[in-house]
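So that the names make sense, note that chain A is the first sequence line, chain B the second, and so on, each numbered from 1.
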2 protein chains.
Amino acid sequence: MAAGDFSSQKLAVVGLGLMGGSIALALKDYADQVIGVDPNPATCAYALDRGIVDDVAQDLQSGVSDADTVILATPVRVCLDMLEKRLGSYLRSNTLLIDIGSTKNDICEAMGQLPIGINAIGGHPMTGKESSGIGVADGGIFFNRPFVLCDTRRTTPATRLRAKALVKAIGSIATEMDAKRHDKIVAGISHLPYILSASLVATIAQQADSDEAFWELAAGGFRDSSRLAGSNIQMMADILSTNTQAVATLLAMFRVQLAQIEAMLISGEEDKLVETLEPVRQSRLDWTKNYEQKR
Amino acid sequence: MAAGDFSSQKLAVVGLGLMGGSIALALKDYADQVIGVDPNPATCAYALDRGIVDDVAQDLQSGVSDADTVILATPVRVCLDMLEKRLGSYLRSNTLLIDIGSTKNDICEAMGQLPIGINAIGGHPMTGKESSGIGVADGGIFFNRPFVLCDTRRTTPATRLRAKALVKAIGSIATEMDAKRHDKIVAGISHLPYILSASLVATIAQQADSDEAFWELAAGGFRDSSRLAGSNIQMMADILSTNTQAVATLLAMFRVQLAQIEAMLISGEEDKLVETLEPVRQSRLDWTKNYEQKR
């Protein structure tokens, strides 16, 4: 069975931030009606006003009932809270429920506890923007990007097919894997980089207290390395606290690499340093060529 | 005395890479003749062919003799080697000698040993590009960027004025400071970020050996955090090995920040984590607003 075309009579997007707004826009043409659910009335008004959604609800129950597709696009902790509390009782049978949170294990576990009949699957589109909020929502951010799908105990073969059709509709490439594997990968490629970025900025901020020139002279290298430190903190805290073990593991592995480079540097083993860094450079160049440039 | 207008009858740029080519282009209209000095005949031919320089020399002595301004734009070790060997004897008296290397202490020390009569000053334009080589030379990369000037024992008041005029001519903003302070700052804002970036890529490469999906799923956060790992290794090894002490110091400070964040994460102190990360985020946003966006 190939993934068919995605369509929905009533699609509810819960959480109208950058990601929720963007997926609402990307699925506009595939749904008869798109409902945006958000507790913030100003956000709802904005989404409606800009035509990002067809209708809005501040209340979860009224927003998701009758929907045949529900996309959870809130921070991870909010998502877990909804799943563990009332969401299951609000959904009609056969609804496709998918989240787009950045960690998958806890969410997929919680989805597995939903009433039988709800077709739930975990999702994570590997895309984003530096800024957040519905004001920067953009239906194009999913194009040609991987979109991870993780089975739950409420995932049927039909759930999987429907989710893949949704992924295809927004232009992403479905990548199926189990939640633990996903969480380990994102710990390395996303959460570890965030922690390094924040620790770097904390280090420079401390130095800049006594010498403002640290900020004045900081240029492109610092800009790129420090960008993730500007991420929304509550969102990151949710992500880190639902992926602590994998992040701690990757951090330990990172520390080994860092210590090796530091030892060569301090002992003045320049040839060995070059020998170690050259394949690292090649890995980065290969990644750009094989993955980044093809998108 | 304000910095006057820069002019040169014969300007020699030693080392025709990205930086040398770019500064040659930026100073084109301020010099009667620009000589490019590079041991690579293909590089010389390219620079001449594209009009980046008016004339070329593969031999250092013939390139710099008679020049009233000499800019050293080679990797740091090559620069040190020239300064410690024959360069001083090739230069005519009253020549303005300035380098644009990324570390300043060793170079400024070596400049201080030059014959009296040579007007030498250390320089470091805080700009660059991801790619290297004369093929991407661009006279515009200096515009509105800080350009650090560091005194040497061969810097006279006139040297300083002339160097400032040169900095002004290429559109940069002169920032005077001593070499040790410069080296500590760049250890933090540039060399530490490089080491973190390389260690991150090494960590991911190790994981990707058993799971290629680490590369497949890596997205924007990884791209920015890993960019510096793609830097030219010989250039970086020169930089690190001439700034070992400051880099090791900043690394130790970084490790303290990292350990604090890690401890909060592992112990599940989410509130404390948010409280720690929020001012870090604010520092990054303030830097963007106060410095990066004004350029």
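Looking at B:Leu228, only its side chain comes within 4.5 Å of chain A, counting heavy atoms on both sides. If you measure heavy-atom distances from A:Leu258 to chain B, the contacts under 4.5 Å come from both the backbone and the side chain. Contacts between B:Ala218 and chain A at a heavy-atom distance below 4.5 Å involve backbone atoms as well as side-chain atoms. Interface residue A:Leu196: backbone and side-chain heavy atoms are both found under 4.5 Å from chain B. Contacts between A:Met236 and chain B at a heavy-atom distance below 4.5 Å are absent for every atom of the residue. Both the backbone and the side chain of B:Leu200 come within less than 4.5 Å of a heavy atom in chain A. When heavy atoms are compared at a cutoff of 4.5 Å, A:Leu250 approaches chain B by way of both its backbone and its side chain. Contact of A:Ala202 with chain B is made through backbone and side chain together, with heavy-atom distances under 4.5 Å. For chain A, the nearby part of B:Leu251 is the side chain; its heavy atoms alone come within less than 4.5 Å. Interface remark: A:Leu217 contributes backbone and side-chain atoms alike to the contact with chain B (heavy atom separation under 4.5 Å). Looking at B:Val247, the atoms closer than 4.5 Å to chain A (heavy atoms on both sides) all sit in the side chain, from C-beta outward. When heavy atoms are compared at a cutoff of 4.5 Å, A:Ile261 approaches chain B solely by way of its side chain, counted from C-beta outward. Contact of B:Val256 with chain A is not made at all, since no heavy-atom distance falls under 4.5 Å.
For chain B, the option among A:Gly268, A:Ala205, A:Ala208, A:Ala219 with the highest count of heavy-atom pairs below 4.5 Å is A:Ala219. Ranked by heavy-atom pairs shorter than 4.5 Å toward chain A, the options B:Leu192, B:Val186, B:Val201 are led by B:Val201. When the candidates B:Ala248, B:Ala237, B:Ala259 are compared by the number of heavy-atom contacts under 4.5 Å with chain A, B:Ala237 comes out ahead. Put simply, of B:Pro146, B:Ala229, B:Gly230, the one with the most heavy-atom pairs under 4.5 Å next to chain A is B:Gly230. Of the listed residues (A:Gly220, A:Ala213, A:Pro279, A:Gly128), the one with the most heavy-atom contacts under 4.5 Å to chain B is A:Ala213.
Nearest heavy atoms, B:Cys108 versus B:Gly122: SG-CA, 4.0 Å. The shortest non-hydrogen separation linking B:Gly188 to A:Phe214 is CA-CE2, 4.4 Å. Shown here for B:Gly123 and B:Leu149, the closest heavy-atom pair between the two residues is CA-CD2, 4.4 Å. The two residues B:Ala73 and B:Ile100 have their closest heavy-atom pair at CB-CD1, 3.6 Å. The two residues B:Ile204 and B:Phe222 come nearest to each other via the heavy atoms CG1-CE1, 3.9 Å. Nearest heavy atom pair, residue B:Gly139 against residue B:Ala26, reads O-CB, 3.6 Å.
Among pairs with a residue in residues 189-207 of chain B, none fulfils salt bridge (charged side-chain N to carboxylate O under 4.0 Å, His left out), at least two apart in sequence or across chains.
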side-chain contact (heavy atoms from CB on, under 4.5 Å) between A:Ile173 and A:Phe147: does it pass, once the steps are laid out?
CA-CA 6 Å; A:Ile173 299 144; A:Phe147 191 120; over 6 Å; no
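Between the CD1 atom in B:Ile141 and the CE atom in B:Met126 there is a gap of 12.5 Å [rounded to 0.5 Å]. A distance of 7.5 Å separates CG in B:Leu277 from CG in A:Leu240, rounded to the nearest 0.5 Å. Atoms CD1 and CZ, on A:Ile23 and A:Phe142 in that order, are 4.5 Å from each other to the nearest 0.5 Å.
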Every donor-acceptor pair from chain B to chain A under 3.5 Å, please, each on its own line.
residue  : atom : partner  : partner atom : Å
B:Arg181 : NE   : A:Asp211 : OD2          : 2.7
B:Arg181 : NH2  : A:Asp211 : OD1          : 2.9
B:Lys184 : NZ   : A:Gln207 : OE1          : 3.2
B:Gln207 : OE1  : A:Lys184 : NZ           : 3.2
B:Asp211 : OD1  : A:Arg181 : NH2          : 2.9
B:Asp211 : OD2  : A:Arg181 : NE           : 2.7
B:Glu212 : OE2  : A:Tyr291 : OH           : 2.4
B:Trp215 : O    : A:Trp287 : NE1          : 3.0
B:Glu216 : O    : A:Arg295 : NH2          : 2.5
B:Ala218 : O    : A:Arg295 : NH1          : 3.0
B:Arg223 : O    : A:Arg284 : NH2          : 2.8
B:Arg223 : NH1  : A:Glu292 : OE2          : 2.7
B:Asp224 : OD1  : A:Arg227 : NH1          : 3.3
B:Asp224 : OD2  : A:Arg227 : NH1          : 2.9
B:Ser226 : O    : A:Arg284 : NE           : 3.2
B:Ser226 : OG   : A:Arg284 : NE           : 2.6
B:Arg227 : NH1  : A:Asp224 : OD1          : 3.3
B:Arg227 : NH1  : A:Asp224 : OD2          : 3.0
B:Gly230 : O    : A:Arg281 : NE           : 3.1
B:Ser231 : O    : A:Arg281 : NE           : 3.2
B:Ser241 : OG   : A:Glu270 : OE1          : 3.2
B:Arg255 : NH1  : A:Glu262 : OE1          : 2.7
B:Arg255 : NH2  : A:Glu262 : OE1          : 3.4
B:Arg255 : NH2  : A:Glu262 : OE2          : 3.1
B:Glu262 : OE1  : A:Arg255 : NH1          : 2.7
B:Glu262 : OE1  : A:Arg255 : NH2          : 3.4
B:Glu262 : OE2  : A:Arg255 : NH2          : 3.1
B:Glu270 : OE1  : A:Ser241 : OG           : 3.2
B:Arg281 : NE   : A:Gly230 : O            : 3.1
B:Arg281 : NE   : A:Ser231 : O            : 3.2
B:Arg284 : NE   : A:Ser226 : O            : 3.2
B:Arg284 : NE   : A:Ser226 : OG           : 2.6
B:Arg284 : NH2  : A:Arg223 : O            : 2.8
B:Trp287 : NE1  : A:Trp215 : O            : 3.0
B:Tyr291 : OH   : A:Glu212 : OE2          : 2.3
B:Glu292 : OE2  : A:Arg223 : NH1          : 2.7
B:Arg295 : NH1  : A:Ala218 : O            : 2.9
B:Arg295 : NH2  : A:Glu216 : O            : 2.5

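Using a 4.5 Å cut-off on side-chain heavy atoms (C-beta onward), A:Met235 and A:Val76 make no contact.
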